[in-house]
Protein chains: 4
Amino acid sequence: MTNLYDQYLKTRAYTERICKPLMIEDYIPQPADFVSPPKWHLAHTSWFFEELVLKPSMDGYQIFHPDFSFLFNSYYNSLGRRTQRANRGDLSRPTVEEVYKYRQYVDKYMKDFILSKKVDRTVAETIILGINHEQQHQELLITDLKYTLSLNPLFPVYQKNFSLVDDKPGTVSNYIDVRAGNYMIGPEGEGFTYDNEHERHKVYLNNFKIASELVTNGEYLDFIKVGGYKEFNYWHEEAISWLNDNEITIPLYWHHIDDRWFQYSLQGLVELDMLAPLAHISYYEANAYAFWKGARLPTEEEWEVASSKFDWGKRWEWTQSAYLPYPGFKIVEGAIGEYNGKFMVNQKVLRGSSNATYPGHSRITYRNFFHPHLRWQLTGIRLAKDAE
Amino acid sequence: MTNLYDQYLKTRAYTERICKPLMIEDYIPQPADFVSPPKWHLAHTSWFFEELVLKPSMDGYQIFHPDFSFLFNSYYNSLGRRTQRANRGDLSRPTVEEVYKYRQYVDKYMKDFILSKKVDRTVAETIILGINHEQQHQELLITDLKYTLSLNPLFPVYQKNFSLVDDKPGTVSNYIDVRAGNYMIGPEGEGFTYDNEHERHKVYLNNFKIASELVTNGEYLDFIKVGGYKEFNYWHEEAISWLNDNEITIPLYWHHIDDRWFQYSLQGLVELDMLAPLAHISYYEANAYAFWKGARLPTEEEWEVASSKFDWGKRWEWTQSAYLPYPGFKIVEGAIGEYNGKFMVNQKVLRGSSNATYPGHSRITYRNFFHPHLRWQLTGIRLAKDAE
Amino acid sequence: MTNLYDQYLKTRAYTERICKPLMIEDYIPQPADFVSPPKWHLAHTSWFFEELVLKPSMDGYQIFHPDFSFLFNSYYNSLGRRTQRANRGDLSRPTVEEVYKYRQYVDKYMKDFILSKKVDRTVAETIILGINHEQQHQELLITDLKYTLSLNPLFPVYQKNFSLVDDKPGTVSNYIDVRAGNYMIGPEGEGFTYDNEHERHKVYLNNFKIASELVTNGEYLDFIKVGGYKEFNYWHEEAISWLNDNEITIPLYWHHIDDRWFQYSLQGLVELDMLAPLAHISYYEANAYAFWKGARLPTEEEWEVASSKFDWGKRWEWTQSAYLPYPGFKIVEGAIGEYNGKFMVNQKVLRGSSNATYPGHSRITYRNFFHPHLRWQLTGIRLAKDAE
Amino acid sequence: MTNLYDQYLKTRAYTERICKPLMIEDYIPQPADFVSPPKWHLAHTSWFFEELVLKPSMDGYQIFHPDFSFLFNSYYNSLGRRTQRANRGDLSRPTVEEVYKYRQYVDKYMKDFILSKKVDRTVAETIILGINHEQQHQELLITDLKYTLSLNPLFPVYQKNFSLVDDKPGTVSNYIDVRAGNYMIGPEGEGFTYDNEHERHKVYLNNFKIASELVTNGEYLDFIKVGGYKEFNYWHEEAISWLNDNEITIPLYWHHIDDRWFQYSLQGLVELDMLAPLAHISYYEANAYAFWKGARLPTEEEWEVASSKFDWGKRWEWTQSAYLPYPGFKIVEGAIGEYNGKFMVNQKVLRGSSNATYPGHSRITYRNFFHPHLRWQLTGIRLAKDAE
């Protein structure tokens, strides 16, 4: 179990490293329903280990605080009441210091427990799930924080030298051909995977083409300049409402000041790098851009089959696919069963990973998912086409 | 073209036959965004022929009224401004009589035009599209009207002997086995089809089972009685919000009075027929019911492949599939291109047809689609299962 | 009682005369919470006599329809459930014809009852209240109808020669001086009055000045032209939100087309008469205009004391006064007690009467009241000033 | 000017004393539009002195930070853009430490300036206004903080021995008679007063009676126990919507647990003291209670005239009066003119002061004002009656 404990330790430490540059004040605000305060992420990831590992499996474990179970539950309905998602930013207490104590408390018992030789296979799997769960929250920590700071007219700097933009210019994109046929989708062999990646199954794909590179800021700016946001033919019907209701004319975090283009980043406001891959766009925008280009987004199966032929990992790549259960998908009994299945409606699959993803967290069968209008993740575009 | 004109005439007449039992007052209200007043359906289906056939293709055609193009456009953005969808019920004028005159005017010119031998293949296709478009609106006419009348505390009777409930009790359902393999999806050969049914393409399906019968009211009532609406584990996360926000505990139009079950129908309030197929449920409810039964909804491809093995046509059957473009789908240039593609996000595919569908309008490749929370159509459930 | 019956008859007939030019379709829509469909006004005014006179006081009276009590109640909470105010436009049934039958039915029994010599003083007072109530609804009938038709892009004509605009140009306004002192407010002597006009009581007023004429369209246009709607210093804090949220820059029904000014009227769209008294402005607009002019609105007591010195009756005149109980005001027991008192918060008093008011319905002690943001009544401005 | 500086110093110090028990986290959240975070109060009260005193009047003054003027403006429209009121809780930066530095910076220059002998009468008046402004914000600091902490399921303790409840039981209330006549209203003589207390003017009052004591928690509980919240006859029409929409059945901060009554206080959750004066009720509740008691609320003029005959100062006492300009009220030019006049619509006057008011801040002519539905201030009830 030493290896398991190493993994645990490394992941827990990385979460706290992300929070190093923060002031106590930064741990509190929640400016939108879809973001959570850093304090909540720190506590919730600990709550997962307390609630699903220590409480049920470690003899004589005493919980840290009787109310934390309620305060730091997220959507696990089977584990009792929870704070309304929208109200997480209203809670000044427990203090940040207490939350760090909570982490230390959980870490101490998790250490004892993991190294105790009492961890059976099922519990070990739950711990690995908890580690992956915390890695997901690391990415949310970064993107939520970016969103919160971006609303501040002072454009605060999280860290001077912290960049999620890839500064090496991409090479020119070309289309890679993939041949029609039956392909297997989903993970093979050992190694952690989420329930939503199963069952591994066969699909038939037509001939298709997929771009070798992501769309860049500069390429997307062309779309803006030709009036792409105003040409309703490029957009889904509900995208038009979304554009109008939210007065959207550019990607999230972009600023057009005195005829120059900037973007808010965790380094503060910086000039837009035209060669860097585009980020922070909704599915609607991705789809409209592709339509304008005479192309389309790939399906998730196309992406998976072709993924060995291109580099990925800078942006979460919107696919055309809806987030749905694979053939043979089974929902596990109990709280862990709530992990993924209950979100399988009205969301879109994103494949790959981003500069903000914990290294090694993703894989080619990984299925990320968000509602089509959301933009605060590092989302980008890879084009595809039917073969002529 | 006589055949085309016959089809035109028959469809146009059927629309007016649906309206026969209405009082003038019934033509006006719009109690929800998703329904349209009968007056609007009558005018909009005529507008389609005027705007997309007569105006562009008939020499010297004079439009009936300069403002109708604006008033009775629906979502065709490329054809200019349109009344906000939510405000159709605010318009008392033009009167119902004027709208019928509009229909007659359009019919007169359509007759002259179709029988004039000047209709080329492209225009003929647009006319056939217009006929199918009107048939779709006939179903909406009925379901919209039902919705409006259902809100009236007087429970008005549309027609004493008008029933959309199938009164022959279904036989006991059993599961039909379908073998894994590559199958072709989409229409073959001649005959009108919508753009969204193309391209015909190959898919691979696993072994699966599909129910021979639809779920009945009585079977669904069992789900209610065991507390199915309160057991959050059966529901999607966003379904739980939908249930809570709308205080939903039973299907649309059901009433529980003095321990007996009734449903509002176009015959007025009638006792619930326990053997009749269930109707007026959302995708969320369909999915939760299937989950409780240890089953699932079929995918649209499974439904299409298996459809020759069961009777269909009483209810629009929710599938698990999201409404997405098929491989090779192309959006046509111009207004007709707006027909289907722009709705391909956040909606679910329904297959089959209902008792309210114009006879012959549907086919096994037909893809109907609605948002998952909507219930005012005659939607039902056919269960499926993975093979053991 | 002949005189009472004459009054009854005359009022009832006038209501129907207002509806003469309507098409059946016009009786149905309710485009905003604050308006009611004509059908509802016709039924509700009859319901008042049925519910508060015939049912409790006429021996053996049979109600017309058991559900009408629920459908056509307005805000009388003590008389049971009622249709939600916002949903009146969703009801196509009962038909207009049935509602007219309801009126005739009530009229027949009211005739028998009033002429029967069985009407004691209390009941007679309720009948007189019912007559005044119907006169109020006559004005609402006109203003609600105007609001509904105004939203129709066809700008429908209610009646070619029907004008609520006073076409005789007003004379130039001058300020009338009123001397400080104690004055009596409220009605003296016999004659019908509302509960909210009582108790007659003494107030002390400072010296003040009040304008001899109402503000004209032309004068108000000057305010628009100098940018009055954009100068926040002229407006209440909550008025600024109201302007922004509703994108308000001109009075209701005004249209600026090709550099000319029009207003929607019951004669259709007509050119704005610069010499006619301004109408359809909110309290916020009235107050901002007065502030710009270095003046203010009169209090209701000032208006009442000065009213013998100027002509009034063309516009409801906003006063500075909040709608509050007079000293000694008592709420009557039972449903009639709900008439006025329950609205005495967050509303403003308007004095006078308008071109749409039933002749003789108002008087100098009459207290009309609306929320400060509402504009669909014929509301206008008379300026006042402190004495120098 | 030493006296002025003493006043300044004392007020500034008291603000910081209120914040002593706070953790940094407590300075951030804003759980409702009507509350502001402590950090904002600290900065905004300093901003007032910088913006309205130092910037315009002190030679060579350099502002502390160019963006603070925008961030910490409240409603002063004439001074440029401002953060949306609802978004104050989204701002983690500037940090609390920086805000305290801002206060020290302003204090240093204010000291130099006030003691410099360059303060003329007009500037001195602005400084006194700033001191009174800060005293108002001290009360808001306490009540806002209470509101925020009250939403936390942990019921945090601000300070163990901090009580805003008066623990000396009140004596039994009796009615004091006041004779009819003309009275003068508004301040006489020297001493700071707000613009809204002017002009001093004459009013005529009828004979009336006013209670010697405030309504107690125990007395109000009787109203709850007889079903007062469900008896619609006691409530204004719009109060009924307010009760229903917000599911209100008891005063703010009350909790009914295991058949005992508690209230959240800044000492945490404590048992309800039945003899203490009621607090945290809306105008609607005050009015309904008075109606049930066969009494009414006093007008602000009655309160002022009678105030010498009873003790006041524990609760802000709702009056029946709307917040309106007095006869002769003048709005001052410039930003200071925005102080009070722009709120004179749809609000109610409260008289007296509360346990949370800075000692000496209020006086018998002081006019506090809030919207009728708000409850987070220490608002209470003193009954009045017409003389028989």
Side-chain angles (χ1 to χ4, degrees), chain C residues 75-78 85 180-185 199 201-208 231-242 283-284 287 291 296-297 299 302 320-331 333-335 337-338 341-348 371-373 386-387, chain D residues 75-78 85 180-185 199 201-208 231-242 283-284 287 291 296-297 299 302 320-331 333-335 337-338 341-348 371-373 386-387:
Chain C
Y75 50 80
Y76 299 90
N77 292 299
S78 62
R85 183 164 190 177
N182 282 333
Y183 289 96
M184 292 305 291
I185 296 295
E199 292 299 310
H201 62 285
K202 194 185 290 182
V203 298
Y204 179 85
L205 299 181
N206 280 350
N207 291 322
F208 69 96
E231 178 47 57
F232 61 83
N233 273 317
Y234 302 161
W235 299 83
H236 285 109
E237 180 73 3
E238 69 176 47
I240 296 170
S241 306
W242 175 77
Y283 171 79
Y284 299 133
N287 195 74
F291 185 88
R296 59 171 174 83
L297 300 177
T299 66
E302 288 173 341
Q320 199 177 84
S321 301
Y323 181 49
L324 291 173
Y326 279 170
F329 172 70
K330 290 275 176 303
I331 291 183
E333 290 273 315
E338 294 189 49
K342 66 196 310 183
F343 298 106
M344 289 180 172
V345 66
N346 280 347
Q347 308 214 36
K348 284 291 184 180
H371 283 99
H373 66 288
D386 299 322
Chain D
Y75 50 80
Y76 299 89
N77 292 299
S78 62
R85 183 164 189 176
N182 282 334
Y183 289 95
M184 291 305 290
I185 297 295
E199 293 297 311
H201 62 285
K202 195 186 289 182
V203 298
Y204 179 85
L205 299 181
N206 280 350
N207 291 321
F208 68 96
E231 178 46 58
F232 61 82
N233 273 317
Y234 302 161
W235 299 83
H236 286 109
E237 180 73 3
E238 69 176 49
I240 295 171
S241 307
W242 175 76
Y283 171 79
Y284 299 133
N287 195 73
F291 185 87
R296 59 171 175 82
L297 300 176
T299 65
E302 288 172 342
Q320 201 177 83
S321 301
Y323 180 49
L324 291 173
Y326 279 170
F329 172 71
K330 290 274 176 306
I331 292 183
E333 290 273 315
E338 293 189 51
K342 65 196 309 184
F343 298 106
M344 289 180 173
V345 67
N346 280 346
Q347 308 215 35
K348 284 290 185 181
H371 284 99
H373 67 288
D386 298 323

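Convention: sequence-line order gives letters A, B, ...; per-chain numbering from 1.
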What part of V345(D) gets closer than 4.5 Å to chain C, counting heavy atoms only: side chain, backbone, both or neither?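 Answer is both: backbone and side chain atoms of V345(D) are under 4.5 Å from chain C.
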
Is it the backbone or the side chain of S321(D) that comes under 4.5 Å from a heavy atom of chain C, or both, or neither?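 For S321(D), the contact with chain C is made by the backbone alone.
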
Considering all heavy atoms of both residues, which atom of L324(C) and which atom of K348(D) are nearest to each other, and what is their separation?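 Nearest pair, atom of L324(C) first, then K348(D): CD2-NZ, 3.2 Å.
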
Nearest heavy-atom neighbours spanning G341(D) and H236(C):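 Heavy-atom minimum between the residues: O-CD2, 3.9 Å.
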
Who pairs with N346(C) by side chain to side chain donor-acceptor pair (under 3.5 Å), at least two apart in sequence or on another chain?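 Counting only residues at least two positions away or on another chain, N346(C) forms a side chain to side chain donor-acceptor pair (under 3.5 Å) with E238(D).
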
Could you state the interatomic distance from CD1 (I240(D)) to NZ (K342(C)), rounded to the nearest 0.5 Å?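 It is 5.0 Å, given to the nearest 0.5 Å.
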
Listed partners of N182(C) passing side-chain contact (heavy atoms from CB on, under 4.5 Å), at least two apart: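 With sequence neighbours excluded, N182(C) shows a side-chain contact (heavy atoms from CB on, under 4.5 Å) to K202(C), Y204(C), N182(D), Y204(D), given in chain and number order.
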
Do you know which of A322(D), P327(D), P372(D), A387(D) has the most heavy-atom pairs with chain C at a distance under 4.5 angstrom?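 If we count pairs closer than 4.5 Å to chain C, P372(D) comes out on top.
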
Between F291(C), F208(C), Y283(C), which shows the greatest number of heavy-atom pairs under 4.5 Å with chain D?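 Ranked by contacts with chain D, first place is F291(C).
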
So which of D386(C), L205(C), T299(C) has the biggest tally of heavy-atom pairs under 4.5 Å with chain D?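 Option with the greatest count: D386(C).
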
